[in-house]
Amino acid sequence: MTLTINVTVNGKSVSADAEPSTSLLEFLRDVLNYKGTKLCCNTGECGACTVLFNGKPVNSCVVPAADAVGAQVVTVEGLADGEKLHPVQQAFIDTGAVQCGYCTPGFIISVKALLDRTKRPTPAEIEEAVSGNICRCTGYAKIVDAIALAAERMEGSTLGIASGGRS
Amino acid sequence: MDYFKPESVSEALSLLAKYGNEAKIIAGGTDVMVDIKYKEEPGCLVNIKRIPGMSAIEESGGSLRIGPLVTIREIETSKLVRERLPLLWEACHQFASLQIRNTATIGGNICRASPSGETLAPLLVLGAKAKLAFSDGEKTEPFNSLFQGPGKTSLGSKGLLAAIEIPYPPKGSSGVYLKHAVRGPMDIAVVGIAVLVVPDSAAKTLQEARIGLGAVAPTPIRAIKAEAMLRGKPLDSKLVEQAAQMAAAESSPITDQRGSAEYRRWIVEALTRRGLEQTWKAATGKEVA
């Protein structure tokens with residue numbers, strides 16, 4: 001049985017077919033060719049496949065593509081403004097928070113969601129926001145620095161939480 | 001695999017009647033999608049997400065009615081839940097990652113009937129009732145008879161969870177959910193304990209204590225013998241110790257990769273003790289004597 005999925009991805013309306021068992025992750029990567037979203041554990045535990053689903057971070061590997069009908073989905077490809085990277089992406093580069101890079105798209109989406117709901121996250125909120133994202137290079141300190149830096153830049157002020165003696 | 005997206009409870013029920021054990025209900029999908037990938041594809045998937053009227057948290061008299069499609073995150077961020085049912089809030093706050101909490105539903109957590117399901121011991125202790133819809137009518141089932149084994153509820157293959165009703169705990173009571181897991185909220189509970197104490201008005205004796213045990217029996221259970229030991233008694237450290245040991249004896253854990261049965265009993269004892277001490281102090285302002 002084939003379903004027709006009408007969905008908005010990164011602001012663009014698209015329509016394509018999927019099986020009822022197809023995950024949103026497979027649909028994004030293999031049908032729509034958005035390869036920025038990564039396949040890793042495929043069981044909803046590691047966060048590499050995180051996308052925004054109607055503004056909220058979800059693990060796209062455990063969301064049925066069928067549920068995306070009528071939804072707004074944002075992947076890592078949807079953050080940059082032309083050639084200009086999103087402040088969260090730029091902060092990850094500037095703090096050296098990218099090692100092998102495989103977990104990075106998932107982290108960046110989780111952080112985008114955090115900064116959409118909280119302009120001035122506390123260190124505890126930062127850690128909670130990415131607790132569902134696993135980095136096997138274990139570069140967590142730099143990632144937390146990147147989040148604090150992105151928050152500061154987006155707020156246009158100094159929160160005093162970036163590079164809190166971590167590096 | 002057949003796929004249906006019923007738009008009413010009765011339509012869903014007729015699909016369940018037609019397909020029987022072949023049918024699998026899917027809501028959030030965080031468990032079902034994994035089963036489809038790594039276990040087996042059901043003959044028929046019944047997606048209940050679009051059934052109206054099952055996604056609200058509503059106050060009705062002295063209780064809260066939660067629709068089965070409400071996500072764990074919606075419960076965690078509900079002011080009503082935070083104020084009225086802090087015990088349920090606490091369990092939802094310790095429930096996996098934000099990504100999963102945004103997707104998983106309370107109905108899925110209940111119907112999955114995993115002994116370690118995060119919300120189950122708290123719901124048992126809160127005296128929650130499940131509204132079950134069958135083709136011949138609705139039935140109200142208390143949580144202590146809802147679970148029949150790992151993955152089994154009294155819904156069987158023909159019923160649909162329609163709502164969860166949770167009475168507000170008695171005035172002056174205090175509850176806590178304590179989860180023991182290696183990786184905090186991200187991990188499946190090795191042991192999860194919900195404790196609710198109701199002191200008398202003079203804060204001298206325990207009018208009532210309720211203890212729910214998760215992940216240490218084929219279903220989440222109440223430690224009814226430990227509860228009976230505590231009822232009507234002044235709480236002192238000796239009684240706390242006895243009740244904690246009784247709760248451990250009432251558990252029947254298995255040994256698996258997360259912990260041995262013996263280890264789990266120790267944790268039940270430790271968490272029951274801690275839960276009683278913490279809730280007594282929160283409710284009365286006094287340490288256990």
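In this text the structure is predicted, and so the values were computed from the model without any measurement. Chain identifiers are assigned alphabetically (A, B, ...) following the order of the sequence lines, protein sequences preceding nucleic acid strands; residue numbering begins at 1 within each chain.
In this structure, chain B has a heavy atom under 4.5 Å from the side chain of Ile134(A), while its backbone stays farther away. For Ser110(A), the part lying under 4.5 angstrom from a heavy atom of chain B is the side chain only. Interface remark: Ile36(B) contributes side-chain atoms only to the contact with chain A (heavy atom separation under 4.5 Å). Proximity to chain B is limited to the backbone of Cys41(A), based on heavy atoms less than 4.5 angstrom apart. Using a 4.5 Å cut-off between heavy atoms, Asp2(B) contacts chain A through its backbone alone, with no side-chain atom that close. When heavy atoms are compared at a cutoff of 4.5 Å, Val51(A) does not approach chain B at all. Interface residue Thr50(A): only side-chain heavy atoms are found under 4.5 Å from chain B. Interface residue Thr22(A): only backbone heavy atoms are found under 4.5 Å from chain B. For Glu19(A), no part lies under 4.5 angstrom from a heavy atom of chain B. Both the backbone and the side chain of Met1(B) come within less than 4.5 Å of a heavy atom in chain A.
The shortest heavy-atom contact between Val62(A) and Met33(B) is O-CG, 3.3 Å. The minimum heavy-atom distance between Gly132(A) and Ser97(B), with the atom names listed, is CA-CB, 3.4 Å. Pairing each heavy atom of Gly28(B) with each of Pro64(A), the nearest pair is O-CD, 4.0 Å.
If you take CD1 on Ile26(B) and OG on Ser21(A), they are separated by 10.0 Å, rounding to the nearest 0.5 Å. Separating the CG atom in Leu45(B) from the CE atom in Met1(A) is a distance of 10.5 Å, to the nearest 0.5 Å.
For Glu7(B), the CD atom is loosely surrounded, since the number of other residues' heavy atoms within 6.0 Å does not exceed 12. Few gaps surround NZ on Lys38(A); more than 12 heavy atoms of other groups in view lie less than 6.0 Å from it. More than 12 heavy atoms of other residues, nucleotides or ligands lie within 6.0 Å of CD in Gln257(B), so this atom counts as buried by the packing criterion. The 12-atom threshold is not exceeded at CZ of Arg274(B), counting heavy atoms of other residues, nucleotides or ligands nearer than 6.0 Å. For Lys158(B), the NZ atom sits in a loose shell: 12 or fewer heavy atoms of surrounding residues, nucleotides or ligands are nearer than 6.0 Å. Around the NZ atom of Lys18(B), the shell of radius 6.0 Å holds no more than 12 heavy atoms that belong to other residues, nucleotides or ligands.
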Task: Evaluation steps, side chain to side chain contact (heavy atoms under 4.5 Å, CB included), between Asn133(A) and Gln99(B) - done: CA-CA 9 Å; Asn133(A) 293 81; Gln99(B) 290 96 316; 3.1 Å; yes
TODO: Output, in order, the C-alpha distance, side-chain angles, deciding distance and verdict of side chain to side chain contact (heavy atoms under 4.5 Å, CB included) for Asn59(A) and Thr103(B).
DONE: CA-CA 8 Å; Asn59(A) 291 323; Thr103(B) 314; 6.0 Å; no
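Under the 3.5 Å distance criterion, the side-chain polar atoms of Asn102(B) are left unmatched by any main-chain donor or acceptor of Lys56(A). Between the side chain of Lys37(B) and the main chain of Asn42(A), a donor-acceptor pair closer than 3.5 Å is present.
Across Gly47(A), Ala129(A), Cys61(A), the residue that shares the most heavy-atom pairs under 4.5 angstrom with chain B is Cys61(A).
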